[in-house]
Amino acid sequence: MLALWLTDLLARTAADSIPRALEIGVDVRALAFALGVSAVCGLLFGLAPAWQAARFNVGSALKQEGRGGSAAGRKRALAVFAAAEIALALILLVGAGLLLATFRNLRHVDAGFDPSNVVSSPAYLPEWKYATTDQQRAFFARAVSDLANVPGVTAAAAVNALPLSGNNSSGSITLEGFPAPPPNQRESADRRAITPAYFSAMGIHLLEGRAFTDADNERAPGVVIVSRSLAEHYWPGTSPIGKRLKLARYASQAPWITIVGVVADVRHGTLARASRQVVYYPHAQIPGSGMELVVRSAGGPAAITNAVRETIRRLDPDLPVDSMRPLDDIVQTSLFNQKLELGLLGTFALLAVALAAGGIYGVMSYAVAQRVQEFGIRLALGATGADIVRLVAGYALRLTGTGIGLGMAGAWLGSSVLSDLLYGITPTDPIVFASTTALLAAIALSACVIPARRALGVDPITALRSK
């Protein structure tokens, strides 16, 4: 029942991030596999005590040393299981700690743009209605003009691929003065068709040169703006302003285009992936039918959403406006995979910690019960309550230390598996290892409090009489 409920919760949580997420359900084969594993585990761990009981020796049982040997064997077996639980719990805790640190780092990554107070809406023009480039150019020029005049709007623009949206456009480039690349190789960069106010609408900083203007139209000479990473890669230490490139392969007869500006890098695919080299060109010079409208407001997205929808409807009633959403939501959606990984591994880690704490409690309770007579004799011979607590705590420390030592080794060896999921942190980060180890040690030792108090409350007379 818990599996069914949690799967439904996960599907509803991921509805905006995973296509057809609401169709996700418990797979019959996965459920059968889980039930089979549970049944096998129950049988295996039930057969061990059953086999031990079947080998019961009456003669040995009547001797004190026989009982002591049997109890010692059970005690060792329980200790092994408890140590294994601690080790596995630590491995999962370290993994969850690394993913938590990654998620924290990604939330503080400079994406290269400011998503606050920006809404976006896709505008994919139907070819039957906007068949020519002149029609496409005219629609987006009017769209950004009308949106910019909406009360409360500070900037409006359009781009063919919005950062962190999952869409991209890339192609070959050729730089004037550079040699031809080797056969079967090519220089390439991401391509962005934008309208003049795009950098203002997105909060992308212009580092050098100028931004596009309305004068950069189809009748003007071709111009482009490049990202800082592209400029530093091809022209390190010098300005690329005035240099020329082609949006085509080396042998192409495409026209040369002049670089007029340099802008800051933008994280496009994911926040964890380094910024790619980008060439921006005016949409008026190379039109396209598929664009994203972006609108920045002074008072937040909610204040202008309805007005933006009405403006788009007036421009073309056939264009959908239900997909409009704040850019902040797009940024948060880009972190969904990290949230999911952290949530799943974190849940497993907490369950493992609970199992480990229960295992330690069981082992310590059993150990105290087996040593009641010993504690009674010690107390009768002059031992204090503190001496008894030290005996119990010492055993708990050895048990916990063994499990943590094994867990540290396992986490150290296995953490490299998570390397592709991490950002801004190494798989063997000492702070994560130290903090998760301290947390698990505190929880494990806390599970020993009740057995220790039980040992402290042993009455010597009652213990000796039970002997």
Side-chain angles (χ1 to χ4, degrees), residues 10 12-19 21 99-124 143-144 147-148 150-168 190 192 194-195 197-206 227 263-276 278 280 290-312 319-343 423-424:
L10 176 63
R12 285 187 279 110
T13 302
D16 294 332
S17 305
I18 299 178
L99 290 180
L100 179 61
T102 292
F103 185 69
R104 179 199 60 205
N105 293 339
L106 288 175
R107 288 181 64 87
H108 293 88
V109 166
D110 181 10
F113 61 92
D114 179 13
S116 59
N117 298 334
V118 178
V119 294
S120 69
S121 178
Y124 300 107
V144 297
L147 289 171
V150 171
V153 170
T154 59
V159 63
N160 64 335
L162 200 63
L164 305 179
S165 65
N167 298 325
N168 194 24
D190 287 351
R192 299 288 177 268
I194 63 173
T195 56
Y198 176 70
F199 298 130
S200 298
M202 292 292 290
I204 299 174
H205 297 296
L206 180 68
S227 63
V263 294
D265 288 329
V266 172
R267 300 288 175 110
H268 185 82
T270 67
L271 291 174
R273 190 175 301 168
S275 302
R276 291 169 55 89
V278 184
Y280 299 89
M291 301 284 279
E292 291 269 358
L293 298 171
V294 289
V295 182
R296 177 175 292 276
S297 66
I304 62 165
T305 298
N306 289 334
V308 170
R309 283 198 178 101
E310 290 303 318
T311 301
I312 296 175
L319 290 181
V321 293
D322 295 334
S323 299
M324 182 181 300
R325 55 176 175 164
L327 197 56
D328 274 320
D329 289 356
I330 295 176
V331 174
Q332 292 303 314
T333 300
S334 72
L335 294 172
F336 174 77
N337 286 342
Q338 286 78 13
K339 291 180 182 178
L340 180 62
E341 293 156 0
L342 176 60
Y423 176 81

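Treat the numbers as computed from the prediction; the structure is a model and nothing was measured.
- Screening Thr311, Val294, Ile304 against Leu147 for a side chain to side chain contact (heavy atoms under 4.5 Å, CB included) leaves a single residue, Thr311.
- Annotation: salt bridge (Lys or Arg N to Asp or Glu O under 4.0 Å) contacts of Asp190 (sequence neighbours excluded): Arg192, Arg276.
- Scanning all heavy atoms of the two residues, the minimum distance from Leu271 to Ala111 falls at CD2-CB, 3.8 Å.
- Taking CG of Leu164 as the reference point, atom CG of Leu327 lies at 7.5 Å (rounded to 0.5 Å).
- Heavy atoms only, all atoms of each residue included: Ala197 and Ala157 are closest at C-CB, 3.6 Å.
- At a threshold of 4.5 Å between non-hydrogen side-chain atoms, the residues Ser334 and Arg267 do not count as touching.
- Residue Ala201 comes nearest to Arg296 through the heavy atom pair O-NE, 2.9 Å, listed as atom of the first residue, atom of the second, then distance.
- Taking the six-membered ring for Trp and thresholds of 30 and 60 degrees, Phe199 and Tyr280 have ring planes more than 60 degrees apart, a perpendicular arrangement.
- In terms of heavy atoms, Ala307 sits closest to Val150 at CB-CG1, 3.5 Å.
- A distance of 11.5 Å separates CG in Leu162 from CG in Asn168, rounded to the nearest 0.5 Å.
- Summarising the geometry, atom CD1 belonging to Ile194 is positioned 10.5 Å from atom CE belonging to Met202; distances are rounded to the nearest 0.5 Å.
- Two residues are said to be in side-chain contact when any heavy atoms from C-beta on lie closer than 4.5 Å; Phe336 and Glu341 fail this criterion.
- Between Ser121 and Val308 there is no side-chain heavy-atom pair separated by less than 4.5 Å.
- A distance of 8.0 Å separates CG in Asn117 from CG in Asp328, rounded to the nearest 0.5 Å.
- Counting heavy atoms from C-beta on, the side chains of Leu335 and Gln332 come closer than 4.5 Å.
- Side-chain contact between Thr333 and Arg325 is present, with at least one heavy-atom pair separated by less than 4.5 Å.
- Residues Phe103 and Lys339 come closest through the heavy atom pair CE1-CG, 3.4 Å.
- Listed for the His268 side chain is a donor-acceptor partner under 3.5 Å among the backbone atoms of Asn167.
- Using a 4.5 Å cut-off on side-chain heavy atoms (C-beta onward), Phe113 and Val263 make no contact.
- Judged by distance alone, with hydrogens and angles left aside, the side-chain atoms of Thr102 form a donor-acceptor pair with the main-chain N or O of Tyr423 at under 3.5 Å.
- Residues Val266 and Val278 have side chains not in contact (no heavy-atom distance under 4.5 Å, counting atoms from C-beta outward).
- Summarising the geometry, atom CG belonging to Leu342 is positioned 12.5 Å from atom CG belonging to Asn337; distances are rounded to the nearest 0.5 Å.
- Without hydrogens or angle criteria, Asn105 side chain to Gly424 main chain gives a donor-acceptor distance under 3.5 Å.
- When every heavy atom of Ala158 is checked against every heavy atom of Leu293, the shortest pair comes out as CB-CD2, 3.9 Å.
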